[in-house]
Amino acid sequence: MTRRALVLGGGGVTGVAWEIGMLTALAEAGTDLTDADVVIGTSAGSVVGALVAGGQDLPTLYAGQLAPPTAEIPARLGLAMMLRWAWAAAGRRDEQRARARIGAMALAAQTVPEADRRAVIATRLRQADWPSRKLLITAVDARTGEFVVFDREKGVDLVDAVGASCAVPGVWPPVTIGDRRYVDGGVRSPVNADLAAGYDRVVIVAPVTASLGPASNTGRQIAALGAKTVLIRPDKAARRAFGRNVLDPARRAPAARAGSAQAEQESARVAEVWSGE
């Protein structure tokens, strides 16, 4: 029996919109990736993954991305913050220790209250329960740098798991689950495609593929899968739609439209991998 995996990578508010636009248009073209045997979500991809694995209607999700942005907590993710991450990880051959340094930076940062951020995540998800479809959500322990994968068997609230995966270091507060605090799964890899090992067909929708460390290199992860795989990255028009701040809600609608438009170029090769012989 053919087993299929959908991998959704991180990329901020614009990444969520672009992924939803892409998935919606691909389904309209005849390839519905939401019927995957497993959905793997990192950061922005954890939001989209929770929505689609939970059976949310794609056209409705897409329409929501086109609506004018409502009042949201302002945030910015730019080059300066990414340079801080790179500095924190610099010179560390041990990837877990490098992640712990980034986690320490996140724990020390002044951010909005954790409860306020959790309320935003809860509103975006529209549901509190884990879906019946297999869903894996990635995060990193802020203190130890340990890579963690949440699923419905872990006993963690879905809102907290997604909030942890989306806790961009230095921008959003680390998420408290039990006696541990977690940051963005993208600290380990923006895609975490290696979690799709063992599946026969894999489609990766990745707003961002650049990694901080060699062990989390997206290309190496894909090469090691040994499966029929297609990687979809933003084209030039999509990157232009994202703008300079991937956390800017004003860029949501342009990013969603860009994902929808790009799907026309991607549909044939996605269909070949997803349902071809």
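Contact annotation: the side chain of V148 never approaches that of V140 to less than 4.5 Å [non-hydrogen atoms, C-beta and beyond]. The side-chain heavy atoms of V7 and V191, taken from C-beta on, include a pair separated by under 4.5 Å. Side-chain atoms of L61 and L51, non-hydrogen and from C-beta on, do get closer than 4.5 Å to each other. For the pair T2 and R201, the minimum side-chain heavy-atom distance is below 4.5 Å. Residues R239 and K236 form a side-chain contact, since some pair of their non-hydrogen atoms from C-beta on lies under 4.5 Å apart. A 4.5 Å side-chain heavy-atom check between L136 and V39 finds every atom pair outside the cut-off. P190 has its side chain within reach of T218: a pair of non-hydrogen atoms, C-beta onward, lies under 4.5 Å apart. Using a 4.5 Å heavy-atom threshold, the side chains of R124 and V16 count as separate.
Look at D194 and R188 and you find a salt bridge, because one of the NZ, NE, NH1 or NH2 atoms lies within 4.0 Å of a carboxylate O, short of that distance. Electrostatic pairing of D160 and R118 counts as a salt bridge here, judged by a charged N lying under 4.0 Å from a carboxylate O. Salt bridge status for D129 with R152: absent, with no side-chain N to carboxylate O gap under 4.0 Å.
Both L158 and L6 belong to a common hydrophobic cluster when Ile, Leu, Val, Met, Phe, Trp and Tyr are linked at side-chain heavy-atom distances under 4.5 angstrom. In the hydrophobic cluster analysis, where Ile, Leu, Val, Met, Phe, Trp and Tyr join through side-chain heavy atoms closer than 4.5 angstrom, V208 is grouped apart from L247. Cluster membership for I102 and L107, using ILVMFWY side-chain heavy atoms within less than 4.5 angstrom, is not shared.
P207 and P234 make their closest contact through O-CG, 3.4 Å (heavy atoms, listed as atom of the first residue, atom of the second, distance). When all heavy atoms of I232 and R269 are compared, the closest pair comes out as CA-NH2, 4.0 Å. The shortest heavy-atom contact between P169 and D184 is CD-CB, 4.0 Å. Shown here for P254 and A241, the closest heavy-atom pair between the two residues is O-CB, 3.6 Å. For I222 against A193, the heavy-atom pair with the smallest separation is CG1-CB, 4.4 Å. Taking each heavy atom of C166 and A44 in turn, the nearest pair found is SG-N, 4.3 Å.
For the residue pair Q262/W18, the side-chain donor-acceptor check at 3.5 Å is satisfied.
One distance of note links OG1 of T24 with OH of Y62; it measures 7.5 Å at 0.5 Å rounding. For the atom pair CG (N217) and OG1 (T209), the distance works out to 8.5 Å, reported to the nearest 0.5 Å. Atom NZ of K134 is separated from atom CG of D37 by 9.5 Å, given to the nearest 0.5 angstrom. Separating the CG atom in D35 from the CZ atom in R4 is a distance of 4.5 Å, to the nearest 0.5 Å. Here the CG-OG distance, from L8 to S46, works out to 9.5 Å after rounding to the nearest 0.5 Å. From L225, atom CG reaches atom CG of L195 across 9.5 Å, with rounding to the nearest 0.5 Å.
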I'd like to know whether D151 forms a side chain to side chain contact (heavy atoms under 4.5 Å, CB included) with L135, so could you lay out the CA-CA distance, the side-chain angles of the two residues, the decisive distance to 0.1 Å, and finally the verdict. CA-CA 6 Å; D151 61 19; L135 171 65; over 6 Å; no
Apply side chain to side chain contact (heavy atoms under 4.5 Å, CB included) to the pair D116 and E114, showing each step before the final yes or no. CA-CA 5 Å; D116 291 358; E114 191 175 337; over 6 Å; no
Trace of the side chain to side chain contact (heavy atoms under 4.5 Å, CB included) decision for I204 with V230: CA-CA 6 Å; I204 302 166; V230 61; over 6 Å; no
For F150 and V156, run side chain to side chain contact (heavy atoms under 4.5 Å, CB included): C-alpha distance rounded to whole Å, both residues' side-chain angles, the deciding distance at 0.1 Å, then the answer. CA-CA 7 Å; F150 295 115; V156 173; 3.8 Å; yes
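When each of R99, R180, R181 is checked for a salt bridge (Lys or Arg N to Asp or Glu O under 4.0 Å) with D141, only R180 meets the rule. The residue from V202, L26, L33 that alone fulfils the side chain to side chain contact (heavy atoms under 4.5 Å, CB included) condition with W274 is L33.
Using a distance-only test at 3.5 Å, with no hydrogens or angles considered, a donor-acceptor pair links the side chain of K154 to the main chain of V149. Remark: side-chain polar atoms of Q221 are not paired, donor with acceptor, to backbone N or O of A196 under 3.5 angstrom. Between the Q96 side chain and the G145 main chain, no donor and acceptor come within less than 3.5 Å of each other. In this structure a side-chain-to-backbone donor-acceptor pair under 3.5 Å is missing from T111 to W172. Without hydrogens or angle criteria, D32 side chain to A27 main chain gives no donor-acceptor distance under 3.5 Å. Checked by atom type and distance alone, the side chain of Q65 never pairs as donor or acceptor with a backbone atom of G21 at under 3.5 Å. The closest donor-acceptor contact from the side chain of S43 to the backbone of G45 lies at 3.5 Å or more, if one exists at all.
The number of heavy atoms from other shown groups lying within 6.0 Å of CZ (R133) is above 12.
A search for salt bridge (Lys or Arg N to Asp or Glu O under 4.0 Å) contacts involving D200 returns nothing, not counting sequence neighbours.
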